[in-house]
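Working notes, structure below.
We count ligands from 1, going down the list as the structure has it; atoms in each ligand are counted the same way. Heavy atoms only: backbone and side chains are in, while hydrogens, waters and symmetry mates are out.
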Amino acid sequence: MAGPRSVKQQLVLFLSFLTILACFVLPAVSVKHENFKTCSQSGFCKRNRAYADEAIASGSNWKPPYELDPSTVELKNGYLHGIVSKTIKSGEKIRLPLTVSFLESGAARVVLDEEKRIKGDIELRHGSNIRKERYNEAEKWAIVGGLAPNKAAVFSPESETGYTKVQYGPENQYLMVLRHAPLEISFQRDGETHVKLNDRGFLNLEHWRPKVDAPEGETTPEDESTWWEESFGGNTDSKPKGPESVALDITFPGYEHVYGIPEHADSMSLRETRGGSGNHEDPYRLYNSDVFEYELNSPMTLYGAIPFMQAHRKNSSVGVFWLNAAETWIDIVKAKSTSNPLSLGLSGKKTTQTHWFSESGQLDVFVFLGPNPQALSKTYGELTGYTQLPQQFAIAYHQCRWNYVTDEDVKEVDRRFDRYQIPYDVIWLDIEYTDGKKYFTWDPMTFPDPKGMQDQLDASERKLVAIIDPHLKNENGYPIIDELKGKDLGIKNKDGNIYDGWCWPGSSHWVDCFNPAAISWWKSLYSYDKFKGTFHNTFIWNDMNEPSVFNGPETTMPKDNIHYGNWEHRDVHNINGMTVVNATFQGLVERKKGQLQRPFVLTRSFYAGTQRMGAMWTGDNQAEWGHLAMSMPMVLNQGIAGFPFAGADVGGFFGNPDKDLLVRWYQTGIWYPFFRAHAHIDTRRREPYLTGEPFMQIISQAIRLRYQLLPAWYTAFHEASVSGIPIVRPQYYIHPEDEHGFAMDDQFYLGSTGILVKPVVAKDQDSVDIYLSDNEKYYDYFDYTIYQGSRKWHKVPAPLDKVPVLMQGGHVIPRKDRPRRSSGLMRWDPYTLVVVLDENGSADGTLYVDDGEGYDYEKGGYIHRQFIFVDSTFVSEDIGTKGPKTDAYLKSMADVRIEKIVVIGAPAEWEQKETVTVIEDGAKEATKAVLQFTGSKNGKAAFAVVKNPNVGIGKSWKIEF
Ligand code: NOJ
């Protein structure tokens, strides 16, 4: 019987009411802005913006204080040296040695340093004994080649008074024009200026100065409030070197779009940052940080930093690489181009003006004159290295969550993937597998049998990735921490004692992988004898390496911490994460003598060059449609910035995705170069087989599509590994002439295959509009519906079970069509070649194959073919260098054949044909293979299938249609 409610019942009701109310009024989870600095809270950012504002306000009265003394200039063997002087208020001139290197690649490098600091002729505050130089070792970590000077660079005969001009680059077609006073450097290609340094006069190198206290009761003549000490979030930075930032404005005349400088959750084409509608208020920031619940459409910093920017306009691309590892901010504005008659038709177009400032270090900037995006990728990659060619498994599907809780749990997940016939290659272990968050250990209760677990995975050629973070638990009796301390390999605090901070394990110390001894030690920890329970199929995930410090300023380390070589953390912060991956990578290479296996390491933090060592992912995103959509520009910008092995947590890290979101995320995730599902510890399980029908079937189909196209993906990875070109390519890379595509970041091409994808990233959407730049025929991947018409949008149906994928005419796409449990089990499977004919009835494409594991490919152990279809004849030709391992590899692949050729857009007259003639190199006679033709109907293209032509994938052959 319902009687009057008790007080307790009423209280419960009231609390429930409050909870329901809270659901409506609580803001969605979002970043804690107060934990991260805005520009105005970062002393040097504020100072440099103010400096720029003053320059702008002064207009033509602005007198930039930097000039080059022409009597000091010399050009020798590709290097120009000179002394720039900065005149300060007292009239004193500060000497700043300038070096411009002209490189064989066509890049130019401008370095400005401070003589006093090079000579060590300064005093540090607080009795500090850190290094006195400006940090000059970023090169040591980021750069691996491409620095050979172009000795043919010459002073230009046209040099006039007040200017020094140097011809350089390919056939000396580039010209550097250096104005002495005020200093300005511009770079010309084909007689036109493409990049200008300091044309707005924002160059600012804060020279060293002693701290002079103002007499009692007076103030210093300049605002010194951010010079000597800075406090934020309860931490005070002691700044032993005082103010020391470097800043420069870089202008791209006539270029409306700039890209790159990851990592930000923002559009691919970067926005303006000086306010105004649709623009940011703050500059883009690069200061590697663990940003909890990061927000979208923001210039806030994230986990990694690559200070490489591309600028693009119709048919021209140029770029700059700002080699600095300290906290960096970049302002961007777009101004109307002047109608200067010399600016060759640029009037009416916009000019992008950028302004870069870093807290410390040398001024070190590379200028690339393109002329196209591919050339930028190549030249930048020559410097910082190309992406590692990963093992085949690493580009297949990865199944992760925080956490698979026991070894039995892992085995059960593995069995269920098989039971439901869903392919996957790798299962991951997050931090809970360890014994009390002590890395390099296993929890004996939950993971008593790592070997049994990995044996089961190995039976289907699957792998395990285990997490190892760089913070080490400060607990007595943990051998690793004892060794770290005993060998003195930890990062130090400003007083020179080992730094202690808070992370997952509680009180922790951090390995200092800047130290060669620490690298050797860290490497040794991965040997099978030391990290017991790991095997040839165990690989590594380095997380929290920004480094993330829960009780540190901005969730990271104090800037006055000290690293090996007595460099301050301030100077090296953005490189820190990469040093950890570097040591891990080397550890995996060497973990067993004689075992030649390519490592796989995933990292959250990165810098220019980390692409040489593994993959990255975009960190802790959320199970929301907006985060799904944002994953594409983020992945594309990674590729633009030379680190294309990138992906986002499929499904979203925080929160529980609805089933339609999860489906759409898989349909998008299969196009990330790094394809991994991951989820927070508090989320519900969401392995694909748990989703129920029809979702499970749809997700399985999507994953199978990734597996079907693995030959195309691996070929795209190979291309990236030798030329730096992105694996998934934005519209402007493929169509550099079509201005409509320059900001497009929601559709992209897979490698050179002509496959054009536009995933659905919004709820309840059942079609997408795909934009076509060119007038080629495009065919629906699944049913060959034809789309044609350049510079137009085309509606493509996209019910929940379909991911919109088109194939551009003119390509040959390699596939493997037999579904298997893992990519390893597909090794000997036959190929299918899809020939997508263009308007002229032609197509071509490439395929790269190797053992997918070891390093034999470096000695020619690979197959690299070019397929060409022209005049009704299809041929396979060999490309690439040969080496000592070629024959053995070809022999091992002799039985791998082509089982099917599908020709899309087949000519109507083939209807009459029943066979094609097949001539394989070395075969005694030509053979016939059956041709099946299907005519065009309902807007769908005609196609023909050659059944079992039985030609070898490693052979040269010809098929006549
Ligand atoms: C933070 C990482 O971003 C996330 O992916 C991981 O699950 C947690 N750390 C726990 O290790």
Side-chain angles (χ1 to χ4, degrees), residues 29 31-32 35 262-263 265 288-295 300-304 398-405 409-410 426-443 446-447 464-473 501-506 508 510 539-550 552 554-556 576-577 580-581 584 601-606 610 614-623 627 630-631 634 638 646-657 665 669 672 674-687:
V29 279
V31 68
K32 293 200 172 44
N35 288 353
E263 182 180 24
N288 296 349
S289 308
D290 182 357
V291 183
F292 183 67
E293 290 171 349
Y294 64 76
E295 66 181 2
M300 266 179 93
T301 195
L302 286 177
Y303 315 92
H398 299 255
Q399 180 63 45
C400 187
R401 78 170 274 110
W402 178 13
N403 227 91
Y404 291 114
V405 290
D409 187 11
V410 168
V426 193
I427 188 158
W428 290 55
L429 294 180
D430 208 320
I431 49 178
E432 312 300 329
Y433 80 91
T434 59
D435 184 7
K437 316 282 188 298
K438 288 179 290 217
Y439 304 112
F440 302 100
T441 68
W442 298 86
D443 185 323
T446 50
F447 286 84
L464 182 81
V465 170
I467 198 166
I468 297 283
D469 289 353
H471 51 256
L472 299 168
K473 186 171 188 170
W502 205 260
C503 207
W504 297 126
S508 305
W510 275 258
F539 297 88
I540 300 297
W541 171 16
N542 285 157
D543 186 19
M544 314 294 277
N545 50 342
E546 295 74 25
S548 175
V549 181
F550 295 159
E554 303 197 83
T555 327
T556 189
N576 184 80
V580 179
V581 195
T584 302
V601 188
L602 177 74
T603 179
R604 193 170 71 176
S605 186
F606 54 86
T610 313
M616 64 71 69
W617 92 107
T618 61
D620 300 345
N621 58 2
Q622 300 181 27
H627 277 264
M630 187 53 80
S631 67
M634 290 181 82
Q638 284 294 132
D649 284 348
V650 170
F653 180 68
F654 293 116
N656 296 302
W665 214 315
Y672 301 152
F674 174 61
F675 172 33
R676 183 188 73 155
H678 183 40
H680 187 270
I681 195 164
D682 294 336
T683 59
R684 288 194 288 275
R685 292 259 170 145
R686 49 164 108 131
E687 287 66 34

**OP:** Return the residue, atom name and 0.1 Å-rounded distance of the protein heavy atom closest to atom 4 (C) of ligand 1.
**Re:** Asp620 OD1, 3.5 Å
Original post:
ligand 1 versus Ile467, non-hydrogen atoms closer than 4.0 Å: side chain, backbone, both, neither?
Top reply: side chain
**OP:** Salt-bridge test for Arg604 and Asp290: reply yes if a basic N is under 4.0 Å from a carboxylate O, no otherwise.
**Re:** yes
Original post:
Just checking, any donor-acceptor pair under 3.5 angstrom between side chains of Trp504 and His471?
Top reply: no
Original post:
With a cut-off of 4.0 Å, which atoms of ligand 1 are near a heavy atom of Phe653?
Top reply: 4 (C), 5 (O), 7 (O)
**OP:** Would you kindly specify which portion of Trp617 sits under 4.0 Å from ligand 1, judged on non-hydrogen atoms: side chain, backbone, both or neither?
**Re:** side chain
Original post:
So, are Arg685 and Asp409 salt-bridged, with charged N and O less than 4.0 Å apart?
Top reply: yes
Original post:
Mind checking whether Tyr303 has a heavy atom under 4.0 Å from ligand 1?
Top reply: no
Original post:
Are Thr441 and Asp435 linked by a side-chain donor-acceptor pair shorter than 3.5 Å?
Top reply: no
Subject >> Residue part near ligand 1, for Arg604, under 4.0 Å between non-hydrogen atoms >> reply: side chain
Subject >> His678 and Trp541: CA distance, side-chain angles, deciding distance, ring pair (Phe, Tyr, Trp, His ring centres under 6.0 Å) verdict >> reply: CA-CA 13 Å; His678 183 40; Trp541 171 16; 5.4 Å; yes
**OP:** Report yes or no: does a heavy atom of Phe292 sit under 4.0 Å from some atom of ligand 1?
**Re:** no
**OP:** Start with the C-alpha distance between Phe292 and Phe550, add both sets of side-chain angles, then the distance that settles ring pair (Phe, Tyr, Trp, His ring centres under 6.0 Å), and finish with yes or no.
**Re:** CA-CA 11 Å; Phe292 183 67; Phe550 295 159; 9.5 Å; no
Original post:
Which protein non-hydrogen atom lies closest to atom 5 (O) of ligand 1, naming both residue and atom, and how far is it?
Top reply: His678 NE2, 2.9 Å
**OP:** Give the residue and atom name of whichever protein heavy atom lies nearest to atom 1 (C) of ligand 1, and the separation in Å to one decimal.
**Re:** Asp543 OD2, 3.0 Å
Subject >> Nearest neighbour of atom 11 (O) of ligand 1 from the list Thr618, Asp430, Asn621, on a heavy-atom basis >> reply: Asp430
Subject >> Evaluation steps, side-chain hydrogen bond (donor to acceptor under 3.5 Å, both in side chains), between Tyr294 and Asp620 >> reply: CA-CA 8 Å; Tyr294 64 76; Asp620 300 345; over 6 Å; no
